[in-house]
Amino acid sequence: MDKHYDHKASEEKWLKFWDEKGFFKADTDSPKKPYSLLIPPPNVTGALHLGHAMQHSILDAVARFKRMEGYDVLLLPGVDHAGIQFEGTLNKQLEKEGLSKQKLGREEWLKRAWKFKEDSYNSVSATWRVMGLSADWSRELFTLDPKVEKAVFEEFSSFWEQDLLYKGAYIVQWCPKDQTAIESVEMEYEERKEKLYFVKYNLAGTAGKEFITVATARPETIYADVAIAVHPDDPKYQKFIGREARKPLFDKNAPGGDRVKVISDSRVDKEFGTGALKITPGHDPLDYEIGKDANLAILHAVDKTGRMTPLAGDLEGLKVSEAREKAVEKLTQAGALEKVKDYTHSVPVCERCKTTIEPLISEEWFVKMKPLSEKALKRLDEVKFSPKNYETILGDWIKDIHDWCISRPLWWGYRLPVWYCQKCNPSRKVGKHLDMAVSLNAPEKPCQTCREKHWVQDESLLDTWFSSGLWPLATLGWPEQTGEFKKYFPWSFEISAPEIKYLWIARMIMLSVWFTDSIPFKNMFFHGMIRDLEGRKFSKSLGNGIDPNELRTQWGTDATRMALYTYSAPGRDGRASRQTMDERAKNFRNFGTKLWNIGNYIIELKPENLTTQDKSNHPDDKWVLGELDKTIQKVTKSLNSFDLHLATDEIYTFVWHTFADVYIEKTKSRRAEAQPTLEYVFKTSLELLHPFMPFITEELWQRLPHEGTSISVAPWPTKIEF
RNA sequence: GGAACCGUAGCUCAGCUGGUAGAGCGCUUCGUUUACACCGAAGAAGUCAGAGGUUCGAGUCCUCUCGGUUCCACCA
């Protein structure tokens, strides 16, 4: 044996061996009990990062453990098309080349998109394999594969038939840069120092004598005002309720001209500003609510690109920030600006591009979530969460569910399978089944109203989570009751980063319970987030990321995996730098060398004149077997509770500090007698270590006397059998 | 405003249902005798954020305070 373990050669050798032997293929016909693990599909938007490496190492350890325990293990890999994020990343690339979506056009753009997808996918796939993931590659899926498309269509059409879909005016958080509606979970708030403008509205018919003053941070939206609201109990404004006021900024084409009504509504805060609130239902969620209840018109002063609409008169076409300055000038000139105060508040911005969100009314598709939420809540306690408190966290969110906006103006992903009759339904209204159809391709049947075929498809795409929310079902061939669906569903184990607990985990639970009357997974593991030493997220812009491939190349895959398990306590965030990762990986690289040298001692330096393979009754032998037995029990227990950080620590301490430092040292004076015990304890230790360090354990196990073809399918040690 | 999590050795972190403080890296001293210097032996280092409480006994349970992080809601 060489002095040092050559991790690179060993990894290549065993990857090839495992692949050829097909140990990791799940078998629906196997009499073994199933254990299924679903890999959260990484986005095809770039290379895997350290968080992925940890997540996948955890999955693989559990999979390997269960396989050794004798289960028919399915570890299913896949990748996600990640609509918005994908387009964002690709468009940034195109920008550098001086290109854009618009310049390329849909067809050319899609060609680039598929190329980009291939590149990202290849990087992800390569990393997966070299990390030693014992996945069933024959079942690998992409969220845009036909198998998934079928399931997604079933999801959509069944929602349609159950009357859970609707389209209509809805207040939507609109990102002007990404040109898309985003969800509240995709928004961030930024503290901004802005101004609060106190604007006087003249009461109609008083010719500049009576005024009502409102405080607003967005004077440019005055054009879209439809009312002023005051609290019904506010004594200051009793006399104004029911009267009309004149907008200091208005467009002659606006409904009602410059007139807005003063109404009362208890949702107005008497203490804020002047206690009078201008109502702009087109641009503010609260105003929208108040406006809806008071039956007020919805006007837009800002459009979806973040520019002023014709309603803003000569400000049309200006960006919001420019329009605000102009509006303030005009108000000053008109003597309508009473005062300006400094005002610090948090402004909603897009999580991805940090652009200020425009709350707008937009025509979007929604799923009514209440029925799904109610059904899911009854079954939530069947999922075993790690850490436990996530059951409450998710339960609270599902209880307060709001309808799910599922349409996105994107090009990358699933088009809504909705067709309108161009002739009978040119405005694409929803609700009349006769001049609409839900179909994957252009409907064969004619429109039932005009008996002709003028079908046009809805332009929008489905939200990415509409497909990934169905991942536990789609990957197993649902809606068909396939053999694999029957055997592997619900999944035994799922894992996720906590940041997508609502977007993804809660949705999977609701969708699964709705469509199959079953929870999607029995064990749900949330790992923590690895951050940098200052506690910040890893991000490309900060450049603080750590490349798992560099760690792997330098220290070996086994060592990198072990380093990651030290961060794997459920729900605990960790801090890391390249240096701290190196320190940990180095320690486990050294541990690998230790194993290698133990192997050298036991295998290569084996005494030649061995007389017996019988066990001895020497107290040291009994002692080490007792310690080994304790270790077996502890490691098994920790693995069953998914405490991998404890399991790795236990087996590490036993091998290094009990077996090597103490026991092996003592055997040197009675080497021949101890040989059987040495071999047994070492082989068993390797088996306990295999889920975490698959390569070196296979390498050494193969050199020891053993039964079977691979440690990866050797029986998991349960008790001392010696 | 509501909620959760965290605060343990210089650094990064473990410590399950309460019972004499742990690991890795780093540091000090010694060791190159026949598995291993990617090693071995010995060692220094913490009033477990602070204050109360429950208990025979609390890092571990309860309350409060301080500090840090995150999530949810609202922000005219």
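Residue numbers start from 1 in every chain, and the chains themselves are labelled A, B, ... in the order their sequence lines are given, proteins ahead of strands.
- Checked by atom type, the side-chain pair A/Thr636/A/Lys634 shows no donor-acceptor distance below 3.5 Å.
- Closest contact between the side chain of A/Leu286 and the listed nucleotides B/rC75, B/rC39, B/rC72 involves B/rC75.
- For B/rA3, the paired nucleotide is B/rU70, the pair qualifying as Watson-Crick or G-U wobble because both relevant distances are below 3.5 Å.
- Of all nucleotides listed (B/rC39, B/rU12, B/rA35), B/rU12 comes nearest to the side chain of A/Leu533.
- The base of B/rA23 does not come close enough to the side chain of A/Glu650 for any donor and acceptor atom to sit less than 3.5 Å apart.
- When Watson-Crick and G-U wobble pairs are counted only if both distances are under 3.5 Å, B/rC39 pairs with B/rG31.
- Distances from the side chain of A/Leu646 to the nucleotides B/rG15, B/rC38, B/rA35 place B/rG15 closest.
- Side-chain to base pairing of A/Glu583 with B/rC13: no donor and acceptor N or O lie closer than 3.5 Å to each other.
- The A/Arg575 side chain lies nearest to B/rC13 when the options are B/rC38, B/rC13, B/rC16.
- Across B/rA14, B/rC13, B/rA41, the shortest atom-to-atom separation from the side chain of A/Arg584 is found for B/rC13.
- Judged purely by distance below 3.5 Å, without hydrogens or angles, the side chains of A/Glu627 and A/Thr658 never pair a donor atom with an acceptor atom.
- A/Asn600 has no side-chain polar atom (N or O) that falls below the 4.0 Å cut-off from OP1 or OP2 of B/rC36.
- Residue A/Trp656 places none of its side-chain N or O atoms closer than 4.0 Å to OP1 or OP2 of B/rC39.
- Within the 4.0 angstrom heavy-atom criterion, only backbone atoms of the sugar-phosphate kind lie near A/Tyr652; the bases stay farther away.
- For the pairing with A/Phe588, the ring-ring contact (aromatic ring centres under 6.0 Å, His included) check across A/Trp555, A/Tyr5, A/Tyr652 returns one residue only, A/Tyr652.
- Between A/Tyr601 atom OH and B/rG40 atom P the separation is 15 Å, expressed in whole Å.
- Listed candidates were B/rC72, B/rA4, B/rA14. Nearest to the side chain of A/Ile393 is B/rA4.
- Checking B/rG15, B/rC39, B/rC13 against the side-chain heavy atoms of A/Tyr567 singles out B/rC13 as nearest.
- The nucleotide whose nearest atom lies closest to any side-chain atom of A/Asn587 is, among B/rA4, B/rC13, B/rG24, B/rG24.
- Nucleic acid contact for A/Ala660: base, since at least one base atom lies under 4.0 Å from a heavy atom of the residue.
- The side chain of A/Lys668 places no N or O atom within less than 4.0 Å of a non-bridging phosphate oxygen (OP1 or OP2) of B/rG40.
- Between A/Asn597 and B/rC39, a side-chain N or O to OP1/OP2 separation shorter than 4.0 Å is absent.
- Proximity of A/His657 to the phosphate of B/rG40: no side-chain N or O atom is located under 4.0 Å from OP1 or OP2.
- As judged by a 4.0 angstrom heavy-atom cut-off over every strand, A/Glu499 is placed among residues making no nucleic acid contact.
- Residue contacts shown for A/Asp661 are limited to sugar-phosphate atoms, with no base heavy atom under 4.0 Å away.
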